[in-house]
*Asks:* 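Before I ask anything, here is the structure I am working with.
Residues take their numbers from the sequence shown, with the count starting at 1. These numbers come from a predicted model, not from an experiment. When a ligand or atom number is given, it counts from 1 through the structure's own listing order.
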Amino acid sequence: MKVTVEAPANIAFIKYWGARDLESALPENASVSMTLDHCRARTTVERLPAAGRDEVLLATAGGVLEEAPVAFVAGVRRHLDQLRRWAAVEVPFRVATRNNFPTGAGIASSAAGFAALAIAVAASLERDPDAAELSLLARLSGSGSAARSVMGGYVRWPADDADPASPAVSLAPADHWPLCDLVAVVDTAFKSVSSREGHRRASTSPQFALRQERLGERLAAVGQAIRDRDLERLGPIVEQEAIDLHLIAMSSRPPIFYWRPGTLEVLEAVRQLRARGVGAWFTMDAGPNVHVICGPGDEEAVAAALAGLPRVISLLRDRVGTGPRSIEEHLF
Ligand code: PMV
């Protein structure tokens, strides 16, 4: 039996950057994200006969299945091992996956991919975990942000001292607030330093402790802004969080520079949009590409401004989404 799941990427408003236990992806701080609608990973899994070995394939945009790179296969097998341990089974799987957006470029491809894998494997083993358990299963991949991609809308992943392994929880469903995320793609190359390495180096930055001190206040304000649908309140915090993440990365030892010339060009365009009265704020994950958050009424103005920039290769027009879904269009 084949199972195919599409799971969305998410964009963090409050970032997960720094882990108290990197192996188990236990975060240093709570994070908050918006689940996207359009940027998705599609993953098909099929159980193989008991004596087989996991097969991991990548599907190209044209639908051709190719052998996945060694490091990718290793990550998927590690996650499959964790999922088998959870289910107490020893079944091997054939797995194929495809993203409809650039991979490893700061658009949460691992969050989408591992959330899809966890949900598809659980379904193929005829298990029916609830959203909280799926969040834990997705996190077992080692990509902490995958814990937030198993549900739609606005999501908080706590970093609870009493229960460091606590799952993500929904703050509000997608229809609570129809925010847009326009992703200005300025570089499609796979990032040279992984988020995992970024988490590992984060605490070597003198900026790390400063940000931790501010997070309690930011988390409360972001939660309230989402409840009140208040973009004027949310936007500046979201920008500050992105700047802090990159300040930490750039001042880690050794430093990590994710920004490209196009990144600065987009940040400048967002400031100019705001000067013209357009309600748009930027954020970035661990990559050079810039997410611009705005309301539906400003979407066209933002799209026109970003698409015209010389270093913007493409513009992904996304919005808040309702979360993963099972589909019948299998990849093999
Ligand atoms: O889930 P990871 O280990 O790929 O780390 C995610 C890091 C950021 O995307 C930069 C921030 C976040 O909270 O999504």
*Asks:* Is there a nitrogen or oxygen of N10 sitting under 3.5 Å from a nitrogen or oxygen of ligand 1?
*Replies:* no
*Asks:* Under 4.0 Å, counting heavy atoms only: does K15 come that close to any atom of ligand 1?
*Replies:* yes
*Asks:* Can you tell me how the ring of H79 sits relative to the ring of F114, calling it parallel under 30°, perpendicular over 60° and tilted otherwise?
*Replies:* perpendicular
*Asks:* Should the pair R200-E197 be classified as a salt bridge under the 4.0 Å nitrogen-to-oxygen rule?
*Replies:* yes
*Asks:* Say whether A108 and ligand 1 are in contact under the criterion: heavy-atom distance to a ligand atom below 4.0 Å.
*Replies:* no
*Asks:* Hey, is the main chain of R319 close enough, under 3.5 Å, to the side chain of D181 for a donor-acceptor pair?
*Replies:* no
*Asks:* Determine yes or no for a side-chain-to-main-chain donor-acceptor pair under 3.5 angstrom, with S135 supplying the side chain and A131 the backbone.
*Replies:* no
*Asks:* Going by the angle between their ring planes, with limits at 30° and 60°, are H199 and Y16 parallel, tilted or perpendicular?
*Replies:* parallel
*Asks:* Which residue and non-hydrogen atom of the protein lie closest to atom 4 (O) of ligand 1, and at what distance in Å?
*Replies:* S195 OG, 3.4 Å
*Asks:* Has R94 got its NZ or CZ under 6.0 Å from the middle of the six-membered ring of F332, at an angle within 45 degrees of the ring axis?
*Replies:* yes
*Asks:* Any N or O on S143 sitting closer than 3.5 Å to an N or O of ligand 1?
*Replies:* yes
*Asks:* Show the atoms of ligand 1 that are less than 4.0 angstrom away from any heavy atom in A12.
*Replies:* 12 (C), 13 (O), 14 (O)
*Asks:* Return the closest protein heavy atom for atom 14 (O) of ligand 1 as residue, atom name and distance.
*Replies:* R148 NH2, 2.7 Å
*Asks:* Less than 4.0 Å is my threshold; does some heavy atom of I11 fall inside it relative to ligand 1?
*Replies:* no
*Asks:* For atom 1 (O) of ligand 1, grab the closest protein heavy atom and report residue, atom and distance to one decimal in Å.
*Replies:* S145 OG, 2.6 Å
*Asks:* Answer yes or no: does an N/O atom from H199 fall short of 3.5 Å to an N/O atom of ligand 1?
*Replies:* yes
*Asks:* I'd like to know if G144 contacts ligand 1, where contact means a heavy-atom distance under 4.0 Å to any ligand atom.
*Replies:* yes
*Asks:* Using a strict cut-off of 4.0 Å, indicate which atoms of ligand 1 neighbour a heavy atom of L245.
*Replies:* 10 (C)
*Asks:* Report yes or no: does E265 contribute a side-chain atom to a donor-acceptor pair with the main-chain N or O of R311 at less than 3.5 Å?
*Replies:* yes
*Asks:* In the protein, which heavy atom is nearest to atom 13 (O) of ligand 1, and how far is it?
*Replies:* Y16 N, 2.8 Å
*Asks:* Between E241 (side chain) and K15 (backbone), is there a donor-acceptor pair under 3.5 Å?
*Replies:* yes
*Asks:* Quick one: does D285's side chain have a donor or acceptor within less than 3.5 Å of a partner on I107's backbone?
*Replies:* no
